[in-house]
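Read through the structure below, which is laid out as structure tokens, and then see the notes.
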Number of protein chains: 2
Amino acid sequence: MKLKSMDISATASASSIVFDALRKAIIEGQLEEGEPLRQDEIARLFNTSRIPVREAISRLEEQGLVKTQRYKGAVVAGLSPRETEEIFDLRTLVEPEIIRNAVPLMSKDILVQAREKCAAFSASSDPMEWGDLNRDFHETLYSASNLKFFLEIAHNAIDRVERQIRAQLVMSNGMERAGREHFGILEACETGNAELAAKLTREHIQGAKKSLLAHLPLS
Amino acid sequence: MKLKSMDISATASASSIVFDALRKAIIEGQLEEGEPLRQDEIARLFNTSRIPVREAISRLEEQGLVKTQRYKGAVVAGLSPRETEEIFDLRTLVEPEIIRNAVPLMSKDILVQAREKCAAFSASSDPMEWGDLNRDFHETLYSASNLKFFLEIAHNAIDRVERQIRAQLVMSNGMERAGREHFGILEACETGNAELAAKLTREHIQGAKKSLLAHLPLS
DNA sequence: ATAAACTAAATTGGATCCAATATTCAATAT
DNA sequence: ATATTGAATATTGGATCCAATTTAGTTTAT
């Protein structure tokens with residue numbers, strides 16, 4: 001008997017591991033905006049050389065998560081209030097389209113998962129979890145969509161404002177409002193009402209934007 | 001008297017030079033879809049080592065212009081008809097917003113430039129130029145916008161279908177229709193009619209999409 | 001003859017080394 | 001004291017080398 005190529009979950013390349021770890025640290029806010037990313041230091045942290053680190057950093061720059069200057073290195077990218085607003089406007093344009101496309105494609109299983117995540121979000125009392133649970137809920141609904149490029153853009157846009165989203169959730173009313181709106185979106189999905197789900201998603205994002213900008217300087 | 005820092009236009013890094021050259025070669029169709037990108041060969045072409053080449057390729061992958069497999073290398077990315085359609089739908093969503101935003105911000109100078117490029121496009125009889133001239137016209141109008149993230153996305157989306165756009169221009173009616181529609185968009189911009197410019201841009205893109213898909217297999 | 005198994009060449013991923021530039025900080029001049 | 005110059009250090013960009021993996025070609029077994 002012949003063994004077919006097993007495709008053992010090919011251990012990721014060092015550069016991908018570094019990329020994922022840095023991306024996570026940035027969007028979760030563990031690395032502060034403006035903080036320099038020293039190649040040597042990161043390489044030591046991951047027991048690799050600087051080569052994979054440089055590759056990871058250049059990919060992060062392509063995603064807008066870090067900014068680099070020749071011979072000066074990379075720092076965690078930040079957003080001006082103006083730029084934050086634009087990212088939310090971009091999300092307002094793209095994400096309702098994703099939901100509209102996704103609703104007719106949502107399997108029973110996806111909806112069950114979404115309901116669980118929606119409940120977990122509302123039930124959580126640990127602010128450290130809120131960001132992940134919030135994103136988890138939205139990702140679950142979006143995952144039913146087959147618009148891969150729209151999804152790419154939404155993911156990247158969310159990445160860039162994830163730090164602010166997490167701050168917004170801990171603001172007064174942040175969790176309460178988000179939880180309420182999540183249930184509304186979920187219900188629209190469950191009843192197959194794509195237009196309503198899109199509309200509520202749009203309002204959800206615009207609401208977050210307003211709430212965020214109100215608490216930002218010179219907005 | 002004191003001399004202020006001159007900021008001599010710092011010669012670009014090798015990886016950026018390679019990145020720009022490969023990107024250009026890909027979107028212009030000089031590198032065929034599926035064609036492997038050998039690090040060693042490219043390094044020799046640019047008189048550098050493979051390190052900057054690898055960085056360039058990883059950035060191109062982040063932009064979706066190449067696809068890489070671990071230990072197998074990178075190939076020029078292609079799009080299925082389905083994916084091509086989605087990219088055009090994305091453009092249909094984003095670019096009208098850019099124009100709507102840009103119209104009130106268009107200086108006299110921008111409009112003069114746009115008119116020149118519009119004329120140059122319609123006047124050109126060299127198919128090798130059509131792609132550049134077409135993109136040049138749109139870029140000029142878009143450049144008045146201050147929506148940097150929207151622009152990022154539009155640029156990337158156009159990059160990914162530039163090859164097909166060029167093919168579409170040489171198709172029957174391609175140039176004729178594009179030229180006509182360009183004049184319409186330009187006129188709307190000149191008269192400050194942002195809504196009309198947005199509507200015509202939408203139709204321009206949707207028209208290109210339909211014309212393209214009609215000539216594609218299993219569309 | 002065909003297919004599996006093995007070997008050699010090609011190719012990529014990563015480590016180490018060197019060059020180019022920036023940064024720090026002490027020494028000097030005003 | 002403050003600003004300027006100049007070495008010493010730190011940091012990045014790139015070249016060269018080695019290891020891991022794939023691919024091509026050859027041999028061998030059935």
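Fair warning: this is a prediction, and the values are worked out from it, not measured in the lab. Every chain is numbered from 1, with letters handed out A, B, ... down the list of sequences.
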Checklist entry - Around atom CD of A/Glu32, are there more than 12 heavy atoms of other residues, nucleotides or ligands at under 6.0 Å? => result no
Next on the checklist: I'd like to know if B/Asp132 and B/Lys117 make a salt bridge, using a cut-off of under 4.0 Å between side-chain N and carboxylate O.
Outcome noted: no
Next on the checklist: Measuring from atom CG of B/Asp136 to atom CZ of B/Phe121, what distance do you get when rounded to the nearest 0.5 angstrom?
Outcome noted: 11.0 Å
Checklist entry - Between B/Arg54 and A/Glu55, is there a salt bridge with N-O shorter than 4.0 Å? => result yes
Next on the checklist: Determine whether a donor-acceptor pair (N or O, by modelled atom type, separation under 3.5 Å) exists between the side chain of B/Arg50 and the backbone of B/Ile42.
Outcome noted: no
Next on the checklist: Within the 4.0 Å limit for protein heavy atoms, which parts of nucleotides 6-16 of chain D are touched? Write it as a string from 5' to 3', B for base, S for sugar-phosphate only, - for none.
Outcome noted: -----SBBBBB
